Every structure is written in structure tokens, then in C-alpha cells.
Amino acid sequence: MLCDEMMRKEILSRLTGYRLEHTLGCERAAVKLAHRYGADVEKCAFAAILHDITKRLSREEQLCLCEKYGIIPCDVEIIEWKMLHGKTAAAVAQREYQAPADVVHAIACHTTGCADMSLLDKIIYLADFIEDTRDFKGVEPARALAKQDIDKALLYCFDFSLNDLLERGKLIHKDTCEARNWLIKQGAVRA
């Protein structure tokens, strides 16, 4: 067993307010997606409850965790420091909760995506985007696509996120571009 009830309660006790509700929503979405696409339900649930464990931390705290765990932020992550929570949460998951490598990887790439995404990676990225507390223009098409084709749903999410970042004048992480390009090379087509 990856996460018994006592560990789950301890993890969730580190979260409050919206972050707790979002995490529980992400867990529900990840479990549904795991059942739909034949993934390991336990790993999906474990990754989902850990994915935002460091999200509440400040820039300084994120950078301290990077130093502590030997994470070297790229130039984009230094400026858009909120992206760091994927990598720092992955480190915490590995060191404090003994998460297996595939769960750690899914947590690490849940904010940007990456090339060669595993099914677990895809589920955590998508669950984070579509979970039921999310309420933004564009979430409903993603939810509908998630019920039909995980790769089409992911491509939609990447396109949506890239357009949002461009509209807001934000930097774009290379991993997101590589994830989108990889999906298209794998045959994913827009819905």
C-alpha cells in the first residue's frame, strides 16, 4: 500500500481552504481517469493528493526547497516561480512520503507537462486541469474531451494554457512546448 489512511490524513492536514478542496477534487478526477484509461488507481490517487503539497509556499520557501533537494530552476522558473511547486512537491513526495519514481515524475510535470508523458503523467496533469472545483472559461470542453480521448484532452489543455500565457504576457516553459509537440508527433489531433 502506497498511502494508508493515516498518511493520507497527514498529507491533507498540510492543506487548507481552496487548496484542500482542489486537491480532493484532483484526487476524485484522477481516480475516475484511472478507471477510464486503465491506470493504477492507487498511484493516481497518491500523486493527486501530493501534487500541490508545496503550492502555498512563497518564492523564498520554494527556492530554499530547491536548494535543499538539489533542484536547479531554469530561467523561466526563476521568474515564474510558482511553476516550481511541481518540482518541490515531487521532492517532498519522494523524501517525506517515499513515493515511487513514476508518482514523483507525474507530480514534477503536472504544471508544465513534458515529452514522453506516461499514462500516470497524463492523468495527473489532466485531473489538475479538470477537477470539479475548477471554474473557468474553457474547462467544460476539457472535461468532455477527457471522457472521450485523453490525448485530445491534453492537447486541448496545452493549447488553452499556451494561449492564456500568451494573452497574459507570461513566459512559456520549454517543457510545455515539448509536451505539445510530442503529443502531436504521437498522432494527437485537435478536437
Side-chain angles (χ1 to χ4, degrees), residues 11-12 15-39 41 43-56 76-77 80-87 89-90 103 105-115 117-184 186-191:
I11 292 166
L12 295 176
L15 306 168
T16 59
Y18 171 76
R19 188 63 41 214
L20 175 60
E21 293 307 312
H22 164 69
T23 296
L24 293 172
C26 189
E27 180 186 32
R28 288 189 297 272
V31 167
K32 285 180 189 175
L33 290 167
H35 284 295
R36 178 174 306 280
Y37 293 106
V41 174
K43 284 184 176 184
C44 289
F46 192 37
I49 65 168
L50 285 164
H51 84 286
D52 274 356
I53 196 82
T54 61
K55 178 91 181 216
R56 66 173 170 72
V76 172
E77 294 164 338
E80 302 293 347
W81 62 270
K82 290 186 178 186
M83 288 183 187
L84 287 172
H85 82 275
K87 290 180 178 179
V103 169
H105 189 268
I107 295 167
C109 70
H110 88 269
T111 59
T112 60
C114 64
M117 291 176 82
S118 69
L119 181 58
L120 178 57
D121 297 339
K122 292 176 182 182
I123 286 172
I124 299 306
Y125 184 95
L126 189 55
D128 185 39
F129 196 95
I130 67 167
E131 62 87 9
D132 55 13
T133 71
R134 295 286 199 193
D135 183 24
F136 57 88
K137 184 181 177 181
V139 73
E140 289 304 326
R143 288 178 178 142
L145 286 168
K147 294 175 183 174
Q148 300 167 15
D149 184 306
I150 196 166
D151 289 341
K152 281 184 182 179
L154 280 171
L155 185 56
Y156 172 86
C157 293
F158 288 133
D159 287 349
F160 184 92
S161 295
L162 288 167
N163 285 325
D164 178 62
L165 292 168
L166 289 168
E167 285 176 15
R168 293 188 296 132
K170 297 289 190 178
L171 294 174
I172 296 172
H173 200 288
K174 69 175 181 58
D175 288 354
T176 305
C177 297
E178 289 174 3
R180 183 184 183 278
N181 289 343
W182 172 78
L183 264 179
I184 291 170
Q186 298 304 307
V189 293
R190 294 178 88 175

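Every value quoted in this text rests on a predicted model; they were computed, and no experiment measured them.
- By the ring pair (Phe, Tyr, Trp, His ring centres under 6.0 Å) test, Phe136 is found to be paired with Phe129, Phe160, residues two or more places apart in sequence or in another chain being considered.
- The two residues Ala142 and Ile130 make their nearest non-hydrogen contact at CB-CG2, 3.7 Å.
- Taking CZ of Arg56 as the start and CZ of Arg19 as the end, the distance is 11.0 Å to the nearest 0.5 Å.
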Check against side chain to side chain contact (heavy atoms under 4.5 Å, CB included), Glu131 and Leu24: CA-CA 9 Å; Glu131 62 87 9; Leu24 293 172; over 6 Å; no

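- With a 6.0 Å radius and a threshold of 12 heavy atoms from other residues, nucleotides or ligands, Arg168 has its CZ atom above the threshold.
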Stepwise side chain to side chain contact (heavy atoms under 4.5 Å, CB included) check, Leu166 with Ile172: CA-CA 8 Å; Leu166 289 168; Ile172 296 172; 3.8 Å; yes

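- Evaluated for a side-chain contact (heavy atoms from CB on, under 4.5 Å) with Cys26, the options Leu126, Asp128, Leu50 yield exactly one hit, Asp128.
- Taken from CD in Glu167 to CG in Leu162, the straight-line distance is 11.5 Å, to the nearest 0.5 Å.
- To the nearest 0.5 Å, atom CD of residue Glu140 and atom CG of residue Leu145 are 11.5 Å apart.
- For the residue pair Asp164/Ser161, the side-chain donor-acceptor check at 3.5 Å is not satisfied.
- Heavy-atom minimum distance, Tyr37 versus Asp149: OH-N, 3.3 Å.
- Using a 4.5 Å heavy-atom cutoff, the side chains of Met117 and Gln186 are not in contact.
- Taken from CG in Leu154 to CZ in Arg180, the straight-line distance is 12.5 Å, to the nearest 0.5 Å.
- A salt bridge is absent between Asp132 and Arg143: the closest approach of a Lys/Arg side-chain nitrogen to an acidic carboxylate oxygen does not fall below 4.0 angstrom.
- Here the closest non-hydrogen pair linking Thr23 and Leu12 is CG2-CD2, 4.1 Å.
- A donor-acceptor pair under 3.5 Å is absent between the side-chain atoms of Thr112 and the main chain of Thr176, judged by distance alone.
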Worked verdict on Ile184 versus Leu155 for side chain to side chain contact (heavy atoms under 4.5 Å, CB included): CA-CA 8 Å; Ile184 291 170; Leu155 185 56; 4.0 Å; yes

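- Side-chain contact between Glu77 and Lys87 is present, with at least one heavy-atom pair separated by less than 4.5 Å.
- With contacts defined as side-chain heavy-atom distances shorter than 4.5 Å, the pair Lys122/Leu33 does not qualify.
- Arg134 and Tyr18 make their closest contact through NH1-OH, 3.4 Å (heavy atoms, listed as atom of the first residue, atom of the second, distance).
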Pair Asp175-Thr111, side chain to side chain contact (heavy atoms under 4.5 Å, CB included): steps then yes or no: CA-CA 10 Å; Asp175 288 354; Thr111 59; over 6 Å; no

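- Taking every heavy atom of both residues into account, Cys114 and Trp182 meet most closely at O-CE3, 4.3 Å.
- Taken from CD in Gln148 to CZ in Arg36, the straight-line distance is 9.0 Å, to the nearest 0.5 Å.
- With a 4.5 Å cut-off on side-chain heavy atoms, Cys44 and Val31 do not count as touching.
- Atom CD1 of residue Ile49 and atom CD1 of residue Ile107 lie 9.0 Å apart, to the nearest 0.5 angstrom.
- In this structure, the side chains of Asp121 and His105 come closer than 4.5 Å at one or more pairs of heavy atoms.
- Of the possible polar contacts, one joining the Tyr156 side chain to the Gly138 backbone as a donor-acceptor pair under 3.5 Å is found.
- Closest approach of Glu80 to Leu171, counting heavy atoms only: OE2-N, 3.5 Å.
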